[in-house]
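We count ligands from 1, going down the list as the structure has it; atoms in each ligand are counted the same way. Everything numeric in this text was worked out from a predicted model, so none of it was measured. All values below come from the heavy atoms of this structure, side chains included, with hydrogens, waters and symmetry mates left out.
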Amino acid sequence: MKATQTRKTIPGKSSIRRPIVVAGPCSAESPEQLMKTATILAATGHVDYFRAGIWKPRTAPGSFEGMGTQALRWLQQVSQTTGLKTATEVASVRHVEEALKHNLDMLWIGARTVSNPFLVQDIADTLQGTGVRVMVKNPMAPDPDLWSGSIERFKKAGLKEICAIHRGFSYWTKSLFRNQPWWHIPMMLKERMPDVPVLCDPSHITGDHRLVPMVAHRGLEMGMDGLMVEVHPQPAKALSDASQQLTPVAFVRLIKQLFGENPGEDKAASNILEELRAEVDVMDDLLIWALTNRMKLSGEIAGVKTTHNMKPLQPERWKQVISKVLTKGREAGLRRGFIEKLFDDIHHESLSVQQPSNIRPQNNSGIHPTFAI
Ligand code: PEP
Ligand code: MN
């Protein structure tokens, strides 16, 4: 997907290439809803593709599953009336065939589908020779190989206009974001496949319309090649993803902030700070999780040692541990003194967990000691 026009993208950075913008509702709900949204988006002059989901992959059965094939005709009308190119999500060979019959300009593979190589291959085979444009979202899990592998399948099917969409990754505990941005993964993809533009989808990353501008700014700052943003004329009444869709007015405001004459630099900086803090919170969760599980393992080791009359402190083992973490720390660019202090504390805590009063001897019942109270 090549953007021809050039213009300034973000404050302080002269841009080489105009970012690609995909916008539209999460789901097509009615011809009126689509036309109303598309008319406003077309008038901004900044939207390259109008998106609307027609077949919706939902977590729970019984949720709104999309308007199906009839909505493809609505998208065709949008294209004829506004001149916008159209895009929808496909998750099966049947979807692809239907979408091709209705001359859609671009098809995207959703985060759930992209995790299934059989399905991705079937879709790629069906698209072979069509020259249609394809966008490949990242899989739910932070697995760069699965993502690049899916893109590879479309390349091998001879498709030339492919881009990737960074929509964040599922995470096991709730944080500010619906899906974690973990920017290093899209950056890794860009390094691996420099010919594939990567767009940022701040709507699915945040799950919250209030945070969408902040992550849209950050995505462009991080070098993403464009945006996919959900826009709905009445987000509160949307049949899917109600909390994360922008009103057309908010979208126009965002576009002005991003691409206007005087983008608000100060605001962008404080927004970026807020996002970085949210990422730090997630890392702190991970640290607590790792420490908790490490101490649980120490407790289990203590059980084994007690059962077999071994001493809690085994200096040889500790030497191995400290030497390994110091090497890893050095490779990661962490200060030696910091790692020594941190692991010294961890070691002391492990030993105190291994004190006789804290130990449950290993049971021989085959039951995990943690559950053998
Ligand atoms: C969508 O774009 O509306 C969608 C369902 O996205 P994802 O596959 O990223 O969840
Ligand atoms: Mn959505």
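For a threshold of 3.5 Å applied to N or O pairs, the pair formed by Glu89 and ligand 1 contains no separation below that value. For the pair Pro57 and ligand 1, the shortest N or O to N or O distance does not fall below 3.5 Å.
A distance of 7.0 Å separates CZ of Phe343 from CH2 of Trp318, quoted to the nearest 0.5 Å. Interatomic distance, Leu326 CG to Glu331 CD, rounded to the nearest 0.5 Å: 11.0 Å.
The nearest N/O/S atom of His204 to the Mn ion (ligand 2) is NE2.
Shown in contact with Lys56 at under 4.0 Å from a heavy atom are these atoms of ligand 1, numbered in order with element: 1 (C), 3 (O), 5 (C). In summary, the atoms of ligand 1 found under 4.0 Å from a heavy atom of Gly110, numbered by their order in the structure, are 8 (O). The Arg167 neighbourhood of ligand 1 comprises atoms 7 (P), 9 (O), 10 (O), with distances under 4.0 Å to a heavy atom of that residue.
With respect to atom 8 (O) of ligand 1, the closest heavy atom belonging to the protein is Ala111 N, 2.8 Å.
Angle OE2(Glu230) to the Mn ion (ligand 2) to OD2(Asp241): 130° [nearest 10 degrees].
The only option from Val198, Asn138, Ile165 that meets the side chain to side chain contact (heavy atoms under 4.5 Å, CB included) definition with Pro186 turns out to be Val198.
Every heavy atom of Met228 sits 4.0 Å or more from the atoms of ligand 1. Put simply, part of Cys26 is less than 4.0 Å from ligand 1, judged by heavy atoms.
Only the side chain of Glu230 comes within contact range of ligand 1, with a heavy atom under 4.0 Å; no backbone atom does.
Looking only at atom types and distance, the side chain of Glu89 has no donor-acceptor partner in the side chain of His95 under 3.5 Å away.
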